[in-house]
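Nothing here was measured: the structure is a model prediction, and the numbers come from that model.
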There are 4 protein chains.
Amino acid sequence: MKEFDKKEAIFNAMLELIVKHGFHASPMSDVAKHANVAAGTIYHYFKSKDELICALYVRHKEQMNEILFKNDDPSRLFKDRFRIFYLLLFNHYTKNKNEFIFLEQFINSPFVNTFSRADLQKFDQPTYDFIRKAIFTQVLRDISPKILISMIMGSAHALIKLQLSGEYNISLSELETAFLVCWDGIKRP
Amino acid sequence: MKEFDKKEAIFNAMLELIVKHGFHASPMSDVAKHANVAAGTIYHYFKSKDELICALYVRHKEQMNEILFKNDDPSRLFKDRFRIFYLLLFNHYTKNKNEFIFLEQFINSPFVNTFSRADLQKFDQPTYDFIRKAIFTQVLRDISPKILISMIMGSAHALIKLQLSGEYNISLSELETAFLVCWDGIKRP
Amino acid sequence: MKEFDKKEAIFNAMLELIVKHGFHASPMSDVAKHANVAAGTIYHYFKSKDELICALYVRHKEQMNEILFKNDDPSRLFKDRFRIFYLLLFNHYTKNKNEFIFLEQFINSPFVNTFSRADLQKFDQPTYDFIRKAIFTQVLRDISPKILISMIMGSAHALIKLQLSGEYNISLSELETAFLVCWDGIKRP
Amino acid sequence: MKEFDKKEAIFNAMLELIVKHGFHASPMSDVAKHANVAAGTIYHYFKSKDELICALYVRHKEQMNEILFKNDDPSRLFKDRFRIFYLLLFNHYTKNKNEFIFLEQFINSPFVNTFSRADLQKFDQPTYDFIRKAIFTQVLRDISPKILISMIMGSAHALIKLQLSGEYNISLSELETAFLVCWDGIKRP
DNA sequence: TATGAATGAGATTTCATTCAT
DNA sequence: GATGAATGAAATCTCATTCAT
């Protein structure tokens, strides 16, 4: 087994356990067992449990930015680009439940304070630039990009959470309507 | 010290510690210290740590519903009622940071699964009814209330989180704009 | 069992284990077993293993000062007082081997750096005063008390170590000669 | 890098770490890092950590005997030869602090029991012979050489420890006086 | 010889919970 | 009810040692 494999196995084991049981109640011994490595091996790759958890967050944010923006085509109409962004977000997380639940748990926990504000912003820079330009070109409401992004992401995540909860199954057409709810709120009136 | 006081002291100590350090890293012994009671005393009021945490959630939800709906006047225009609801939400949580952070941590953790789906819905019943009626009376978009509520609350909470993060200070006029972003999205077009 | 007993039991268990196996190789679990307490109980009395070890040193130094000086009679001839001091030292440690071995191990380990120089001097203050006065009254050589004390204690401890090693059994008359070796060296010529 | 260099590097790294942190708290991985070799390499030269530590002791004792006796001239007056021995001891250790601290730590730890009594005596044989002959020729007190050596070395080491502690700086003339303290004690009266 | 990733037993410490007072 | 000393299972993490390369 290659080094890469072990590190990945540890990441995946930790992700799964945190989602199932929370940060507390995800002992390193279980992570080791699920990853099929010795307990000590984890500490070869990560200094501590906290560092592993934070690395998991970083990894996720990087993967997500890749997914959301790799195919973005700035020459197209912003509304269309934004719709694709919105659907990619929804689709990825509804298909990768664990990543979403981990993310929500992480950013709402004191773990997030491990990072400086500047570090956190760095992870969200692509989204920030995406929205800021659209405000600048008068496509979106003239309001602080931070506010707009918060509201967009907040409602999108809430939607994803609803779908993942199993409490309600969102149809494709409802998703399109949800997109419009969002769009009608943020577009320049 | 009255019994009431001790229970309250325990609640508040636990709240503060969870906010500062997370569920993990908030030992009962610290809770006892902060509440100025003996460790054993906590177990007179709560069967276990988990039960205490869940009771804290229930207490919060009940208080919140009281705050949001006690002065609601169904005879007024829905848009105005909804605006007040929106502002109450924002104001309460930006003034009671700990409650908000605890809530977000709780509902994104596996602790929330302690409750059945029915129990959880019960806590949100007032909000659900509030929105459902407005859809029924054709004030709001004809879309599942669950979707609409998710999006409304998701974006509102994200806004509160932005304000609490200290990363950006939302002005009164920006708050009104944010309300319009929300309203323009959900109102029947 | 009273609190006092448990703390004492922990002290004694730790002493015995360190003497037998060294700081390393004296796990807290074994200390707990030997002291007949739960592992956690140790941490009720001491913050850490290091703190326990340091507390053991403090306890020993205090007991030793008590033993060496409680019956000292300043009205007697210094040579006689010093002889008693010398014999008390030898007798106590040859009868309490563990204390001696622990002490030697401790003061030659980096643990000793836990204490400031001032703290360490405090423990040796009675001996320092004892010797300093005798230099001042021209009984002992006119040399820095620190040097004199070092040499006295160094040779006395080496003698004790020889006896405890089992390599050689020092007779009473040899002990008296040893005392003279010391005395002839330090007395004002 | 030659084999010789690596072994030396390992010895020196171990010495430094033990002095700074003690036997416990000197992990082999750190030794490897300080010696600029891989962890596994240490095990080509030494069977185990314990063996490395013991080898370090043996190396030191052999070097020390070389230093103390290589220039000893039996045709000279014993008092002068002893004075040189005394000063060599003091000078070497005050200039090679780490060696001294390691030595003291080692001989006061249970590690020393790795060696049989006979082995230990072998290392001290040159000193033993040196003193025994002087007793036999009636220069020194007629007392067991073991006792005399213990007292000499004990007080000398204590003096070195005082100097190394930084607590007091021993001047050349004080060192000569200290020598006399020792000499007056041990010479045949 | 040399490497250093990997191991896993075992170390220290924590902490929810109990129970005698 | 209230206490807090005591428990001991379990958590995190360390580290001497091995072994495939």
[X] [atom1] to [N] [atom2], straight-line distance once rounded to whole Å:
| X | N | atom1 | atom2 | value |
| --- | --- | --- | --- | --- |
| H24(B) | dT14(E) | NE2 | P | 14 Å |
| H21(A) | dA11(F) | NE2 | P | 12 Å |
| N36(A) | dT7(E) | CG | C1' | 14 Å |
| E51(B) | dA16(E) | CD | C1' | 14 Å |
| I10(C) | dT12(E) | CD1 | C1' | 15 Å |
| K47(C) | dT12(E) | NZ | C1' | 16 Å |
| K33(D) | dT3(E) | NZ | C1' | 15 Å |
| D30(D) | dC15(F) | CG | P | 8 Å |

Please determine, for the side chain of [X], which listed nucleotide ([options]) has the closest atom?
| X | options | result |
| --- | --- | --- |
| K6(C) | dT7(F), dT12(E), dG4(E) | dT7(F) |
| M28(B) | dT17(F), dG8(F), dA16(E) | dA16(E) |
| Y43(D) | dA9(F), dT18(F), dG4(E) | dT18(F) |

*Would you kindly check whether a donor in the side chain of H44(B) faces an acceptor in the base of dA2(F), or vice versa, at under 3.5 angstrom?*
yes
*Modelled atom types, side-chain donor and acceptor of H34(D) and E16(D), under 3.5 Å*: no
Any strand is fair game: report the nucleotide pairing with [N] by Watson-Crick or G-U wobble, both distances under 3.5 Å, or none.
| N | answer |
| --- | --- |
| dT13(E) | dA10(F) |
| dT7(E) | dA16(F) |
| dT21(F) | dA2(E) |

*First locate atom CZ of F23(C), then atom NZ of K49(C), and finally report the distance between them rounded to the nearest 0.5 Å.*
9.0 Å
*From CD (E51(C)) to SG (C54(C)), nearest 0.5 Å*: 8.0 Å
_Let me spell it out: for each of K49(B) and A39(D), pick the nucleotide of DNA chain E with the closest heavy atom. Which residue's pick is nearer the 5' end?_
A39(D)
*Whether N12(B) side chain and E8(B) backbone form a donor-acceptor pair below 3.5 Å*: yes
_Main-chain N/O of E104(D) paired to N108(D) side chain as donor or acceptor, under 3.5 Å_ = yes
*So does Y45(D) get a side-chain nitrogen or oxygen closer than 4.0 Å to the phosphate oxygens (OP1/OP2) of dT1(E)?*
no
*Toward the 5' end of DNA chain F, which comes first, P27(A) or I42(C), by nearest nucleotide?*
I42(C)
*How do T41(C) and S48(D) order along DNA chain F: which one's closest nucleotide is nearer the 5' end?*
T41(C)
